[in-house]
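Take a look at the structure set out below.
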2 protein chains.
Amino acid sequence: MVEKHELHEKGLRLTPQRELVLQAVRELGHATPEEVADKVRQTHPGINLSTVYRNLETLENVGLVQHTHLGHGGATYHAAEELTHLHLVCGECGSVGDAPIDVAANFVQNLADDYGFRTDVTHFAIYGTCAACVK
Amino acid sequence: MVEKHELHEKGLRLTPQRELVLQAVRELGHATPEEVADKVRQTHPGINLSTVYRNLETLENVGLVQHTHLGHGGATYHAAEELTHLHLVCGECGSVGDAPIDVAANFVQNLADDYGFRTDVTHFAIYGTCAACVK
DNA sequence: TAATAACTCGCAAACTATTCGCAAGTAGTG
DNA sequence: CACTACTTGCGAATAGTTTGCGAGTTATTA
């Protein structure tokens, strides 16, 4: 159980709720706090939404999950180990596609070279129009 | 007055409030709805926040302004004619830098070639750590 | 220019997403 | 097993944004 160690290092605890939230994020792939809450409630109806928010934040500080902005409103959370792709959000149909981070390698390098900017391409989605909607 | 024409084409009107909102966006460069409202109120105290929201939306439909997601919560608006740069948001210090869209040309091309995805790089900010904070 | 229809505005209430305060509960340490 | 700091649930509070509605404006047509 990797997470136990990660948490204890910072004086945090591995509570049942925390395990459930982390597990839900891992199973869902990407999910908003609300979706995580729903998932967790399937087995543990009592869990509170603010607990989910707090735990997502905690797990993020510890590095077990990360959030990404896919658009307006809500952030979506990923398990840290799955964050190997960037998100292509289509403004027409709203679909979210994936692409390996490699396609951005060149871009990231440009920004580093020209501006000293260290880019995290996964944090924001890449916005545009998907192949299906371009037609 | 370009905007009058743009609006009339869609059966919309150029009201004093609309002019003021558009002018504020142009002067501010980037601004949240709230900031636009504040700016407009310096000369016209009576204007309502919801009018600003509605007019930003209207002006966006017509193509005179555009919004960008710079982070959590709020969108920020730009005059359409100024949207020639992308935004580098620093996660450490919160600063927003600019870079010409050219640095992303290669990246955009990759996405088009490999995924048929037509990218609007300006819509979402590019997240990372700025040169100053990297040190 | 009067009548009519369509568009806008201001205001207040409604919403959505997220955070906070606090008392009660509990994991982890010794 | 007791103790302490971290956590939870709950309800209320916020922030940002949207909506309903009546009154006011403007464009169009006759």
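Treat the numbers as computed from the prediction; the structure is a model and nothing was measured.
- For the residue pair A:Glu19/A:Gln23, the side-chain donor-acceptor check at 3.5 Å is not satisfied.
- Rounded to an integer number of Å, the gap from CD of A:Glu57 to P of C:dT19 is 6 Å.
- No more than 12 heavy-atom neighbours from other residues, nucleotides or ligands sit within 6.0 angstrom of NE2 on A:His44.
- Among the heavy atoms of the strands lying under 4.0 Å from A:Arg54 is at least one base atom, whether or not backbone atoms are also near.
- Following chains of ILVMFWY side-chain contacts shorter than 4.5 Å, one cannot reach B:Leu70 starting from B:Ile126, and the two form parts of different hydrophobic clusters.
- Under the 30°/60° scheme for interplanar angles, the aromatic rings of A:His30 and A:His85 are found to be tilted.
- Within 4.0 Å (heavy atoms only), B:Gln17 reaches sugar-phosphate atoms of the nucleic acid but no base atom.
- Between the C1' atom of C:dG10 and the CG atom of B:Leu20 lies a distance of 15 Å, rounded to the nearest Å.
- Using a 4.0 Å cut-off, no side-chain N or O of B:Thr15 falls inside it from OP1 or OP2 of C:dT8.
- Of the residues in residues 42-49 of chain B, B:Gly46, B:Ile47, B:Asn48 come within less than 4.0 Å of DNA chain C through at least one heavy atom, sorted by number.
- For the pair A:Leu12 CG and C:dT26 P, the interatomic distance rounds to 19 Å; values are reported in whole Å.
- Residues B:Tyr127 and B:Gly91 approach most closely at OH-CA, 3.2 Å, considering heavy atoms.
- Distance, A:Leu7 CG to C:dG28 P: 9 Å, rounded to whole Å.
- One atom, NE2 of A:His5, and another, P of C:dG28, lie 14 Å apart when rounded to the nearest Å.
- Comparing B:Tyr53 and B:His8 against DNA chain D, the residue whose closest nucleotide sits nearer the 5' end is B:Tyr53.
- The residue among B:Pro33 and A:Gly11 whose nearest nucleotide of DNA chain D lies closer to the 5′ end is A:Gly11.
- The CG atom of A:Leu14 sits 16 Å away from the C1' atom of C:dT29 (whole-angstrom rounding).
- Donor-acceptor pairing under 3.5 Å, judged by distance alone, is present between the side chain of B:Arg13 and the base of D:dT26.
- A donor-acceptor contact shorter than 3.5 Å links the side chain of A:Thr58 to the backbone of A:Arg54.
- Under a hydrophobic-cluster definition in which Ile, Leu, Val, Met, Phe, Trp and Tyr are linked whenever side-chain heavy atoms come within less than 4.5 Å, directly or via other members, A:Val103 and B:Ile101 are assigned to the same cluster.
- Across D:dT7, C:dG28, D:dA27, the shortest atom-to-atom separation from the side chain of A:Arg18 is found for D:dT7.
- Between the P atom of D:dG16 and the CG atom of B:Leu56 lies a distance of 15 Å, rounded to the nearest Å.
- Set against D:dT8, D:dT19, C:dT19, the side chain of B:Ser50 has D:dT19 as its closest nucleotide.
- A straight line from CG of A:Asp38 to P of C:dA17 spans 12 Å, rounded to a whole angstrom.
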